[in-house]
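Just so you know, residue 1 is the first one in the sequence shown, and it goes up from there. Quick note: numbers below take in every heavy atom, side chains included, and nothing from hydrogens, waters or symmetry partners.
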Amino acid sequence: MIIKKTTLSITLFALIFVQRISAQDSPEWAKDLIIYEVATRGFTSPDGPESGTFKSAQEKLPYLQKLGITGIWLTGTNLGDPKHFYNIWTQYACVDPARLDPALGTPEEFKSFIDEAHRQGIKVFMDVITHGVMSDSPLIGEHPEWFKGGSWGMTDFDWYGDRKDLDEWWVKTFTDWVTDYGVDGYRLDVNIYRPDLWIRIKQNAAAVGHPIVVFNEAWVHSEGTGDFLQRMVTLSNQRKGPDMNVLLHRDVAKHYQQFDYFRILEVGIQYMDDSRDYGYFDVKPFLDAAIYGYYDSSPKGALKLTLLNAPAQPTLEKQEPQRLRIEGVNPDKVIRNISIRPLGWTLRYNFGIHGSFLAGFTGSDRYEIEITPFVPDRLLYSTQLSSHDDGWEGSPLDKNPYVAEGSRSMFGYSFLFTPSIPLFMSGEEFDADYIPLPTHTPDLYGKGEPGKGRWLYASMLDWEQLKQPSKRDMLDDVTRMIAIRKADADLFRPVTSDKKPPLKALSLQAVGVDSDSIPVPYMLYNDRKAIVVCGNTTDRTVKGIVNISLAGTPLENATQLQITDLWNGGKAKRIKAADLQKFPVVMKPDKTKRGGVAVLKIETVRDEI
């Protein structure tokens with residue numbers, strides 16, 4: 001970093017992570033994952049609330065296989081504290097990541113669960129609490145030198161203290177879960193911290209013929225270790241439900257077209273007294289600050305930001321430097337940290353304090369920073385419909401924290417029919433009514449009236465709800481969506497994030513409904529076929545004409561085609577390419593059986609000789 005001080009400003013020249021991250025080869029099966037999150041204690045209730053075990057979860061595996069699930073994210077395995085978070089047992093209040101919690105079952109029962117999942121064609125991923133352990137963990141007494149500081153009311157590992165024995169223990173622990181039990185990978189809570197250790201773990205797994213995947217919670221640098229992300233894109237605000245600011249709700253093609261665009265949205269200045277000033281560029285499309293991680297819950301900002309150059313449209317392979325002016329800084333305070341927040345990433349890029357490095361700038365009200373945009377890991381695309389964190393502290397206590405709540409359009413158009421790895425919470429597939437565990441409180445650390453919280457991790461699934469016709473209809477429709485996805489998996493498999501999926505927007509003219517209120521149809525394609533997806537988010541039947549243009553695709557010169565209505569069934573029909581330009585579609589109301597979407601498959605036909 002070069003610092004040049006003038007009478008009016010300080011200019012900082014900085015490069016943010018300019019090294020290109022090498023791609024990590026993911027197992028081929030990772031591209032076909034459909035991930036279903038299971039909070040073990042509440043997923044089943046064989047003996048009342050919080051009584052779920054590996055054994056009772058194993059009994060549900062045939063149900064998941066029939067649903068079409070190919071991966072289970074198991075958020076309940078290791079020894080945990082029974083009250084620390086929300087006054088319930090959680091994986092996240094980890095006592096020892098090397099031990100199973102005996103309340104969940106024996107090691108033999110855990111192994112049996114994984115073996116049976118594999119027989120059903122389902123991979124199993126453990127949740128890893130990477131930052132630390134509960135402060136009363138025996139590990140701290142045995143190895144006090146392994147720990148430093150704390151977060152989330154816990155004691156943190158000293159990841160940067162050159163603790164070689166900690167490193168070796170960590171690598172052995174998570175290699176053993178693979179070699180001894182057959183675990184297929186890990187979801188890393190909060191952060192990866194030490195990518196080098198996870199590279200070793202993945203290498204150890206591959207060496208014994210059992211390659212694994214690692215997926216991080218959010219946008220953090222994994223040095224090529226991560227395969228995909230839990231939160232690459234989330235369709236919800238974890239305190240408010242569906243986040244309609246997310247483009248996937250209304251324009252899937254546009255989402256993928258601009259996904260890798262590096263555009264600065266926010267700058268934060270943190271002073272040594274811990275006060276902060278903020279500045280924002282145009283945030284009109286991103287007003288829901290809570291889901292996008294703004295410092296300020298209602299972004300206005302005292303800082304004035306000016307982009308001094310207009311770099312060319314960036315790509316993941318080429319990012320032109322951006323020169324940014326920040327005005328309105330308090331010249332009487334010492335700056336502790338300057339952070340830059342770009343579009344689409346929850347990660348901020350910091351100048352200043354990081355570990356023991358301190359910025360210490362002062363005496364000016366204006367700074368200029370030249371940024372070479374960060375180039376992220378090459379990852380498989382992924383999309384999260386919901387997770388255990390929906391219904392987080394501060395959520396309305398009268399609202400169901402499940403996200404789709406019966407919406408076929410959200411489940412299909414925005415999620416399962418997109419070219420990405422889908423992740424969702426158990427219960428979404430049948431529009432489960434939320435039943436909180438009796439001890440669950442609304443406050444993260446256990447305050448408030450028990451039974452009143454809305455954290456989705458604390459949901460106690462009532463499988464008797466499947467006797468209700470509306471719940472069975474939702475389950476049948478989600479099962480059908482997954483079957484469609486798997487039957488044409490070559491179209492829905494995600495590409496890596498440095499590439500654009502073969503996908504284009506189409507136009508729809510609706511009858512009796514404002515077409516702008518209907519999600520923009522899109523088409524996925526390859527050299528043999530295409531699938532058209534339309535969505536209907538309304539409570540009305542939508543009839544319309546979709547213009548299915550094959551221009552710019554490998555099918556554009558095809559003359560003999562057939563089309564099949566995948567959603568409503570029926571035989572394939574021969575059709576001329578010209579007839580696709582005004583093809584009629586009918587979509588039943590959302591949140592009804594066979595409603596919310598239209599799904600059409602177009603294939604080339606060879607004339608018989």
Enquirer: Heavy-atom distance under 4.5 Å between the side chains of P27 and D227, does that happen here?
Expert: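 Yes - at least one pair of side-chain heavy atoms lies under 4.5 Å apart.
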Enquirer: Taking only distance into account, with no hydrogens and no angle test, what donor-acceptor pairs under 3.5 Å do side-chain atoms of residues 551-559 form with protein atoms, sequence neighbours excluded?
Expert:
residue	atom	partner	partner atom	Å
T553	OG1	L550	O	2.7
T553	OG1	L555	N	3.1
E556	OE1	G552	N	3.0

Enquirer: Given side chains that start at C-beta, do those of L600 and D565 come closer than 4.5 Å, heavy atoms only?
Expert: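 Counting from C-beta outward, L600 and D565 do come under 4.5 Å.
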Enquirer: So, for L61 and A117, which heavy atoms are closest and what is the spacing to 0.1 Å?
Expert: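 Residues L61 and A117, closest heavy atoms: CD1-N, 3.6 Å.
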Enquirer: Could E603 and R528 be called an ion pair, given the rule that one side-chain N must be under 4.0 Å from one carboxylate O?
Expert: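 So E603 does not pair with R528 through a salt bridge.
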Enquirer: Does atom NZ of K399 have more than 12 heavy-atom neighbours from other groups under 6.0 Å away?
Expert: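 Check passes, neighbour count above 12.
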Enquirer: Would you say K31 has more than 12 foreign heavy atoms packed within less than 6.0 Å of its NZ?
Expert: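 No, because the 6.0 Å sphere around NZ of K31 holds 12 heavy atoms or fewer from other groups.
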Enquirer: Only pairs under 3.5 Å count here: list side-chain donor-acceptor contacts from residues 401-412, not counting sequence neighbours, and write none if there are none.
Expert:
residue	atom	partner	partner atom	Å
Y402	OH	S426	O	2.9
Y402	OH	S459	OG	3.2
S407	OG	M410	N	3.0
S407	OG	D590	OD2	2.7
R408	NE	D477	OD2	2.8
R408	NE	T592	O	3.3
R408	NH1	G406	O	2.9
R408	NH2	D477	OD2	3.2

Enquirer: Decide yes or no for I34 and K486: does some side-chain heavy atom of the first lie under 4.5 Å from some side-chain heavy atom of the second?
Expert: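 Sidechains of K486 and I34: in contact.
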Enquirer: Can you find a heavy atom in the side chain of R231 that is under 4.5 Å from one in the side chain of D389?
Expert: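 They are in side-chain contact.
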Enquirer: Indicate yes or no for a side-chain donor-acceptor contact from K601 to the backbone of K529 under 3.5 Å, with no hydrogens or angles considered.
Expert: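 It does not hold such a pair.
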Enquirer: Taking all heavy atoms of L508 and all of P521, pick out the closest pair and write down the distance.
Expert: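 Shortest heavy-atom separation between L508 and P521 comes out as CB-CG, 3.7 Å.
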Enquirer: Taking R378 for its side chain and T496 for its backbone only, find out whether a donor-acceptor pair lies under 3.5 Å.
Expert: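 Such a contact is absent between R378 side chain and T496 backbone.
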Enquirer: Looking at Y525 and A530, what are the two nearest heavy atoms and their distance?
Expert: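 Nearest heavy atoms, Y525 then A530: CB-CB, 3.9 Å.
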Enquirer: Is the closest side-chain heavy-atom distance between K591 and D539 below 4.5 Å?
Expert: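 No; the side chains remain at least 4.5 Å from each other.
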Enquirer: Take E37 and Q230 through the test side chain to side chain contact (heavy atoms under 4.5 Å, CB included) and record every step on the way to the result.
Expert: CA-CA 11 Å; E37 183 181 355; Q230 175 204 332; 5.8 Å; no
Enquirer: Are F424 and Y36 an aromatic pair, judged by ring center distance below 6.0 Å?
Expert: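 Yes, the ring of Y36 comes within the 6.0 Å limit of the ring of F424, centre to centre.
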Enquirer: Let me see the working for V599 and M481 under side chain to side chain contact (heavy atoms under 4.5 Å, CB included), right down to the final yes or no.
Expert: CA-CA 9 Å; V599 188; M481 290 178 191; over 6 Å; no
Enquirer: Any donor-acceptor pair under 3.5 Å linking the side chain of R594 with the backbone of N568?
Expert: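 No; zero donor-acceptor contacts below 3.5 Å.
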Enquirer: Show your working on side chain to side chain contact (heavy atoms under 4.5 Å, CB included) between F215 and L33 and close with a plain yes or no.
Expert: CA-CA 12 Å; F215 57 107; L33 284 172; over 6 Å; no
Enquirer: Counting distance only, does the side-chain N/O of Y434 pair as donor-acceptor with the main-chain N or O of W455 below 3.5 Å?
Expert: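 At least one qualifying donor-acceptor pair exists.
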Enquirer: Are D431 and S470 close enough that some pair of their side-chain heavy atoms sits under 4.5 Å apart?
Expert: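 They are not in side-chain contact.
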Enquirer: Provide the closest heavy-atom pair for V520 versus Y413 in the form atom of the first, atom of the second, distance.
Expert: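 Taking V520 first and Y413 second, the nearest heavy atoms are O-OH, 2.5 Å.
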Enquirer: Using the six-membered ring wherever Trp is involved, compare the ring planes of H118 and H210 and label them parallel, tilted or perpendicular (cut-offs 30° and 60°).
Expert: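 Plane angle between 30° and 60°, so tilted.
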Enquirer: Does V246 offer a backbone N or O that forms a donor-acceptor pair with the side chain of H255 under 3.5 Å?
Expert: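 No, the answer is negative, given that no donor and acceptor are paired below the 3.5 Å cut-off.
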Enquirer: List the steps and the verdict of side chain to side chain contact (heavy atoms under 4.5 Å, CB included) for I212 and V183.
Expert: CA-CA 8 Å; I212 63 172; V183 168; over 6 Å; no
Enquirer: If you take all heavy atoms of K582 and I545, which pair is closest and at what distance?
Expert: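 Residues K582 and I545, closest heavy atoms: CA-CG2, 3.4 Å.
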Enquirer: Are side-chain heavy atoms of F417 and I484 found at a separation under 4.5 Å?
Expert: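 The answer is yes, as the side chains (C-beta and beyond) meet within the 4.5 Å cut-off.
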Enquirer: Search all heavy atoms of F415 against all heavy atoms of P422 and return the closest pair with its distance.
Expert: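 F415 and P422 have their closest heavy atoms at CZ-CB, 3.3 Å.
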Enquirer: Checking K123 side chain against G185 main chain: does a donor-acceptor pair fall under 3.5 Å?
Expert: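 No, because the side chain of K123 does not come within donor-acceptor range (under 3.5 Å) of the backbone of G185.
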Enquirer: Rounded to the nearest 0.5 Å, how far does OH of Y280 lie from CG of L305?
Expert: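 Answer rounded to 0.5 Å: 9.5 Å.
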Enquirer: Between V533 and V252, is any pair of side-chain heavy atoms under 4.5 Å apart?
Expert: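 No, side chains not in contact.
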Enquirer: Do side-chain atoms of T70 reach the backbone of D32 as a donor and acceptor pair under 3.5 angstrom?
Expert: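 Yes.
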Enquirer: First locate atom CG of L188, then atom OG1 of T225, and finally report the distance between them rounded to the nearest 0.5 Å.
Expert: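 It comes to 9.0 Å.
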Enquirer: Tell me if the centroids of the rings in Y256 and Y522 come within less than 6.0 Å of each other.
Expert: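 Ring-ring flag for Y256/Y522: false, centres at least 6.0 Å apart.
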Enquirer: Are the side chain of D390 and the backbone N or O of S387 linked by a donor-acceptor pair below 3.5 Å?
Expert: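 Checked: pair present.
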Enquirer: Main chain of N191, side chain of T130: is a donor-acceptor contact present, judged purely on distance under 3.5 Å?
Expert: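 Side chain of T130 to backbone of N191: a pair is present.
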Enquirer: For G544, does its backbone N or O pair with a side-chain atom of Q509 as donor and acceptor, under 3.5 Å?
Expert: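 No, because the side chain of Q509 does not come within donor-acceptor range (under 3.5 Å) of the backbone of G544.
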